[in-house]
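Letters A, B, ... mirror the listed sequences (proteins, then strands); counts begin at 1. Side chains included, hydrogens not; waters and symmetry mates left out as well; all remaining heavy atoms used.
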Amino acid sequence: MSRYLARYMVSRYFSSVPSRPLHVCVVGSGPAGFYTADKLLKAHEGARVDIIDRLPTPFGLVRSGVAPDHPETKIAINQFSRVAQHERCSFYGNVKLGSDLLLSELRDLYHVVVLAYGAESDKDLGIPGETLSGIYSAREFVWWYNGHPDYSGLKPDLKSTDTAVILGQGNVALDVARILLRPTTELASTDIARHALSALEESSIRKVFLIGRRGPVQAALTAKELREVLGIKNVHIRIKESDMSVTPADEEEMKNSRARKRIYELLSKAAAAAGTSKSDPDQRELHFVFFRQPDRFLESNERKGYVSGVNLEKTILDSTESGKQIAVGTGEFEDLNGSLMLKAIGYKSVPINGLPFDHKKGAVPNVSGRVVSQTLENLSQTEPGLYVCGWLKRGPVGIIATNLYCAEETVGSISEDIEKGVFKSSKAGSKGLMQLLEKREVKKVDFSGWEKIDAKEQQMGNERNKPREKLVTWKDLLAAAAAN
Amino acid sequence: MLGHRISRFGSAIVKQLAREGYLSATYGTRNLQRSYGHYLPSLPMVQRQTRTSQEAFFLNNHRFYTASATSSDETEKITIIFVDKDGEEIPVKVPIGMSVLEAAHENDIDLEGACEASLACSTCHVIVMDTEYYNKLEEPTDEENDMLDLAFGLTETSRLGCQVIASPELDGVRLAIPSATRNFAVDGFVPKPH
């Protein structure tokens with residue numbers, strides 16, 4: 001009984017008066033967007049939430065980022081779908097902020113605008129040769145094998161080399177390595193895009209190198225993904241024993257992070273088990289290369305404009321004042337040949353007009369999710385009614401669950417602002433958005449449109465023994481959404 | 001701090017009332033005695049009683065005893081106290097064998113379960129508030145630890161709600177749901193100095 005009383009009091013305290021709706025627009029329908037919507041709907045009975053996305057499909061990186069052989073991670077879609085079907089929530093896909101409508105227009109229409117559109121670009125290495133053909137960002141490669149409509153035509157060349165070099169040792173690097181090395185018979189029953197499966201079936205890649213600037217204690221990967229890649233059938237793991245020695249500073253880092261300690265232990269075990277077994281023709285190798293930083297890409301002599309390798313500088317670790325260890329070049333270099341190079345060094349958000357942006361961090365300056373702008377006198381002030389969540393707010397780090405707490409914080413800020421009476425004026429909300437989109441002839445895809453895409457993909461998947469066969473072009477997606 | 005203690009005390013009473021609603025003759029003496037040792041120190045009389053007299057005690061208090069409660073499927077329940085993001089304690093009755101995640105959802109407790117118990121996320125992270133209870137749990141598997149590594153606000157007594165299964169020795173356990181804005185003190189746990 002006390003529970004109901006407490007609930008009642010809590011909901012009384014946090015809810016706005018439902019008589020006048022609070023119009024909210026969330027931009028981006030990935031985990032950050034959906035968790036924000038979910039928490040807003042729960043905290044405020046008067047909130048009406050519209051989620052817009054530039055793609056006709058919802059769920060962001062759960063659809064286009066999570067690896068096809070991780071179906072259990074994608075189960076989060078079930079919860080997001082329930083949110084989208086909430087009576088006070090709507091999804092509108094194929095609506096692009098920045099071209100179909102401006103941020104200023106959105107802010108005029110809604111009391112609250114939460115930007116959660118993630119990070120759709122990549123960090124650069126900033127080294128010579130980065131524009132050579134055969135060099136891709138891991139994001140492009142991931143979007144290609146996941147059938148993102150902007151990258152389904154990427155056609156990476158997997159046939160003219162036996163070596164792929166991945167720069168970076170985070171989870172995205174591990175995903176890419178796993179997809180390149182895993183038997184395609186195992187990938188065939190996932191929702192991997194058909195074009196990617198065919199290319200992988202014909203792939204001549206047998207060796208994958210994962211290059212990290214620092215050592216095994218600093219690798220930014222996680223235990224589950226590491227365990228998985230270490231266990232791929234027919235793949236031999238190569239780790240130099242000498243790379244596994246640890247310094248007192250490393251010991252200190254491990255003492256402070258159980259995750260790092262467990263990852264180091266997994267790598268040690270793999271390094272110890274990695275014998276020099278006889279090679280058979282179909283043997284595949286995964287090399288973990290530590291203490292190397294890329295210095296420049298090498299151009300092929302035979303094929304002008306194409307990459308043929310990368311020049312790496314050996315590094316050592318140097319402790320900074322904060323206790324963090326950074327890689328420092330030693331002036332000693334070596335070449336690593338390969339004509340497929342994948343940069344897995346991090347994503348970057350894309351700014352839009354009218355939005356304060358920290359280019360160095362690749363994220364929007366904010367205080368607990370409230371967007372902060374700099375005035376001429378270098379004083380910072382918050383932008384009323386404008387919030388961020390997810391990668392756009394924190395930078396491109398963290399897992400799906402991180403967004404749960406990220407959204408909690410942003411929604412907490414919104415709740416405080418509601419209490420302060422920031423949102424007094426009346427706003428047009430959904431109705432206004434619909435009028436604007438109609439006027440501009442934007443063909444929005446609502447959630448029932450997505451459900452048609454979903455049904456079609458599942459049906460196509462069914463015919464091929466896959467959970468789904470993704471529609472990978474804008475044309476096919478929009479046609480499926482519009483079908484009767 | 002004071003407010004926290006008061007709310008805990010209050011919830012202990014509520015919990016006790018809730019518990020009495022399902023106790024029955026099939027409930028083991030050992031558990032009864034231990035539970036009461038924990039939560040009803042003001043009733044030494046109960047502790048001293050033998051099994052038979054305890055049964056009689058509860059049978060006499062027939063207000064709390066219903067015929068349907070004799071089926072062991074329904075009676076084998078423990079109390080789990082969720083501490084939500086606002087610090088509010090919510091005691092719920094949970095059948096033996098049910099996971100904490102399921103129990104939370106059955107009782108409308110705000111605990112995510114993004115991967116629906118397939119050990120692929122850390123959204124059902126709960127913090128066992130008393131080390132004594134934490135130590136009663138089986139060690140987490142490698143797979144659970146892999147996910148816990150990534151959990152927000154990981155503590156020494158963190159677990160995934162989908163992996164903690166209600167069992168008699170967990171009766172009375174308090175489980176906190178981590179909050180982005182609130183820190184928890186775990187009883188009996190001394191944080192490591194940095």
Heavy-atom contact with chain A under 4.5 Å, split by part of Cys115(B) = both

note = Whatever's closer than 4.5 Å to a heavy atom in chain A on Leu154(B) counts as side chain

ask   = Which pairs, with at least one residue in residues 390-400 of chain A and sequence neighbours excluded, count as a salt bridge (Lys or Arg N to Asp or Glu O under 4.0 Å)?
value = Lys393(A)-Glu409(A)

task = Determine, step by step, whether Asn145(B) and Arg258(A) satisfy the side-chain contact (heavy atoms from CB on, under 4.5 Å) criterion, reporting the C-alpha distance in whole Å, the side-chain angles of both residues, the deciding distance to 0.1 Å, and the verdict.
result = CA-CA 10 Å; Asn145(B) 273 325; Arg258(A) 73 170 229 176; 2.8 Å; yes

inquiry  = Among residues at least two apart in sequence or on other chains, which ones pass salt bridge (charged side-chain N to carboxylate O under 4.0 Å, His left out) with Glu72(A)?
reply    = Lys224(A)

message = Apply side-chain contact (heavy atoms from CB on, under 4.5 Å) to residues Thr222(A) and Asp146(B) and explain how you reach the verdict.
response = CA-CA 7 Å; Thr222(A) 60; Asp146(B) 287 354; over 6 Å; no

request  = Let me know if Phe80(A) has heavy atoms under 4.5 Å from chain B in its side chain, its backbone, both or neither.
outcome  = neither

query = What residues of residues 259-267 of chain A sit under 4.5 Å from chain B when only non-hydrogen atoms are counted?
reply = Ala259(A), Arg262(A)

ask   = Hey, are the side chains of Glu116(B) and Gln79(A) touching, using non-hydrogen atoms and a 4.5 Å cut-off?
value = no

note = So, the part of Thr73(A) with a heavy atom under 4.5 Å from chain B: the answer is both

key: Segment of Ile400(A) engaging chain B (4.5 angstrom heavy-atom cut-off)   = neither

request  = Could you check if a side-chain atom of Thr123(B) sits within less than 4.5 angstrom of a side-chain atom of Tyr405(A), using non-hydrogen atoms only?
outcome  = no

message = Tell me which pairs pass salt bridge (Lys or Arg N to Asp or Glu O under 4.0 Å) where either residue lies in residues 74-84 of chain A, with sequence neighbours left out.
response = Lys74(A)-Asp191(A)

